[in-house]
There are 2 protein chains.
Amino acid sequence: MISLNYRDSRPIYEQIEDGLRKLIVTGALGADEKLPSVRALAAQLAINPNTIQRAYNELEGEGYIYSVPGKGSFASANAGADEARRRELLGKVRELLAELRYLGVSQQELADLVKEVFA
Amino acid sequence: MISLNYRDSRPIYEQIEDGLRKLIVTGALGADEKLPSVRALAAQLAINPNTIQRAYNELEGEGYIYSVPGKGSFASANAGADEARRRELLGKVRELLAELRYLGVSQQELADLVKEVFA
DNA sequence: TAACTGTATTAACCGTACTAGTACAGTCAG
DNA sequence: CTGACTGTACTAGTACGGTTAATACAGTTA
């Protein structure tokens with residue numbers, strides 16, 4: 001479900017955040033679908049439950065999931081309300097595109113990439 | 001020339017790397033143009049020269065600049081040879097696009113962004 | 001009741017970013 | 001040649017944050 005890369009300098013909880021966010025935005029995790037419990041995912045990944053909780057906490061702050069004490073954590077129906085993150089991501093994409101252009105990637109190739117993602 | 005954000009969790013040397021990389025790929029720093037010396041930039045940013053050196057080191061490893069002992073550091077003529085970085089960036093863009101789609105950004109809007117970068 | 005859920009708190013360990021200080025060799029203008 | 005610049009290298013110390021560990025508590029549910 002999620003893979004960790006210990007060689008990556010990025011913290012584990014961020015890798016988990018990204019992994020879950022990806023599952024949600026790609027539709028692999030449907031709305032109101034139950035996520036693994038904090039302890040279960042910790043056991044599966046062989047890491048501390050606190051690290052999982054931290055990832056869940058931040059994802060809840062971003063609106064991607066919601067947690068109910070005693071019941072569990074679930075994928076949010078719609079996280080599209082996060083305008084700040086949208087602008088942040090657009091800024092990142094803009095910088096990456098500029099560098100890719102410099103690296104010789106054609107406009108056509110990038111346009112195709114956009115089409116592919118929306119296909 | 002370069003601004004640091006101490007609230008950012010990312011290391012200073014990475015922020016410097018990104019700043020210089022941006023100056024290079026946007027053409028603000030032309031080919032073989034001289035970069036500030038390790039000590040000069042360190043003084044300007046009020047940080048330790050070692051941190052600057054680390055950033056320069058990594059940028060040289062990526063081919064974005066080259067350094068000559070005794071002379072200085074300079075922007076590379078062509079950094080397009082870095083195929084690994086190209087693929088890395090393309091992967092990142094793909095993930096960002098998927099999330100932006102989920103956040104409600106239209107395909108047209110992203111296609112326009114590509115056009116704008118290449119304008 | 002028992003086993004699950006999320007949540008909270010505290011202490012400790014450890015990697016690493018960063019600083020500080022120093023040193024050496026190459027370059028270049030005076 | 002001299003002196004001031006350049007990049008480079010190394011060591012030592014500090015500080016911060018990620019991660020683990022061990023508990024504890026309250027809500028949920030079969």
Side-chain angles (χ1 to χ4, degrees), chain A residues 1-21 23-24 29 32-77, chain B residues 1-21 23-24 29 32-77:
Chain A
M1 197 172 190
I2 289 184
S3 64
L4 296 182
N5 178 14
Y6 285 93
R7 296 185 182 180
D8 195 333
S9 66
R10 294 178 24 192
I12 296 178
Y13 74 87
E14 276 191 14
Q15 296 185 39
I16 295 173
E17 281 181 53
D18 288 350
L20 290 175
R21 220 185 276 112
L23 288 178
I24 293 175
L29 264 173
D32 298 317
E33 197 166 337
K34 193 172 186 303
L35 274 68
S37 79
V38 168
R39 292 172 178 82
L41 187 52
Q44 177 188 329
L45 298 178
I47 62 177
N48 195 282
N50 293 338
T51 305
I52 305 291
Q53 189 196 347
R54 178 161 184 180
Y56 279 19
N57 246 334
E58 306 213 4
L59 284 174
E60 188 173 16
E62 295 173 3
Y64 284 84
I65 69 174
Y66 62 92
S67 296
V68 183
K71 298 192 64 174
S73 299
F74 308 86
S76 285
Chain B
M1 196 170 192
I2 289 185
S3 64
L4 296 182
N5 178 13
Y6 285 94
R7 296 185 182 179
D8 195 332
S9 67
R10 294 178 26 195
I12 296 179
Y13 74 87
E14 274 190 16
Q15 295 185 40
I16 296 174
E17 282 181 53
D18 288 352
L20 291 174
R21 221 186 275 113
L23 289 177
I24 293 175
L29 265 172
D32 297 317
E33 196 165 337
K34 193 172 186 302
L35 274 68
S37 79
V38 168
R39 291 172 179 81
L41 187 52
Q44 176 188 330
L45 298 178
I47 62 175
N48 195 280
N50 293 337
T51 305
I52 306 291
Q53 189 197 346
R54 177 160 184 181
Y56 279 19
N57 246 334
E58 305 214 4
L59 284 174
E60 188 173 16
E62 295 173 3
Y64 282 84
I65 70 173
Y66 62 92
S67 297
V68 183
K71 298 192 65 175
S73 299
F74 309 86
S76 285

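Chain identifiers are assigned alphabetically (A, B, ...) following the order of the sequence lines, protein sequences preceding nucleic acid strands; residue numbering begins at 1 within each chain.
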Here the pair of heavy atoms bringing B:G19 nearest to B:I2 is C-CD1, 4.3 Å
Out of D:dG7, C:dC18, D:dT28, whichever nucleotide has its closest atom nearest the side chain of B:S73: D:dG7
Between A:S73 and A:S67, which heavy-atom pair has the shortest distance, and what is it? OG-OG, 2.8 Å
Residue-phosphate contact under 4.0 Å: B:S67 side-chain N/O, D:dT8 OP1/OP2: yes
Hey, is the side chain of B:S37 poking within less than 4.0 Å of OP1 or OP2 on D:dT6, counting only N and O atoms? yes
N/O donor to acceptor pairs below 3.5 angstrom from side-chain atoms of residues 32-45 of chain B, sequence neighbours left out:
from	atom 1	to	atom 2	distance (Å)
B:D32	OD1	B:Y66	OH	2.6
B:E33	OE1	B:G30	N	2.7
B:S37	OG	B:A40	N	3.0

Does anything in residues 2-15 of chain A come within less than 4.0 Å of DNA chain C? Heavy atoms only, and list the residues if so. none
Give the rounded distance in Å between these two atoms: NZ of B:K71 and P of D:dT8. 14 Å
Would you name the heavy atoms of B:A55 and B:I16 that are closest together and state the gap between them? CB-CG2, 3.8 Å
Under-3.5 Å N/O pairs linking protein and nucleotides 9-12 of chain C:
none

Start at the 5' end of DNA chain D and walk down; is the nucleotide closest to A:R54 or to A:V68 reached first? A:R54
Residue of the set A:E62, A:E60, A:E14 for which salt bridge (Lys or Arg N to Asp or Glu O under 4.0 Å) holds with A:R21: A:E62
Is the side chain of A:E17 donor-acceptor paired with the backbone N or O of A:L59 at a distance under 3.5 Å, no angle test? no
What is the distance from CG of B:N57 to P of D:dG7, rounded to the nearest Å? 11 Å
Whole angstrom is fine here: how far is it from CD in B:E60 over to C1' in D:dT8? 11 Å
Close side-chain approach of B:Q15 to B:D18, heavy-atom, < 4.5 Å: no
Rounded to the nearest Å, what distance is computed from the CD1 atom of residue B:I52 to the C1' atom of nucleotide C:dC18? 12 Å
Identify, residue by residue, the members of residues 38-47 of chain B with a heavy atom below 4.0 Å from DNA chain C, and return them in order of residue number, or none. B:R39, B:I47
Not counting sequence neighbours, list each pair that qualifies as a salt bridge (Lys or Arg N to Asp or Glu O under 4.0 Å) and has a residue in residues 49-58 of chain A. A:R54-A:E58
Roughly how many Å is it from CG in B:N48 to P in D:dA15, rounded to a whole number? 15 Å
Separation of C:dT7 atom P from A:E58 atom CD, nearest Å, is 13 Å
Taking side-chain contact (heavy atoms from CB on, under 4.5 Å) as the test, write out the residues that go with B:T51, two or more places apart. B:I12, B:Y13, B:I47, B:N48
To the nearest 0.5 Å, how far apart are CG in B:N57 and CD1 in B:I52? 12.0 Å
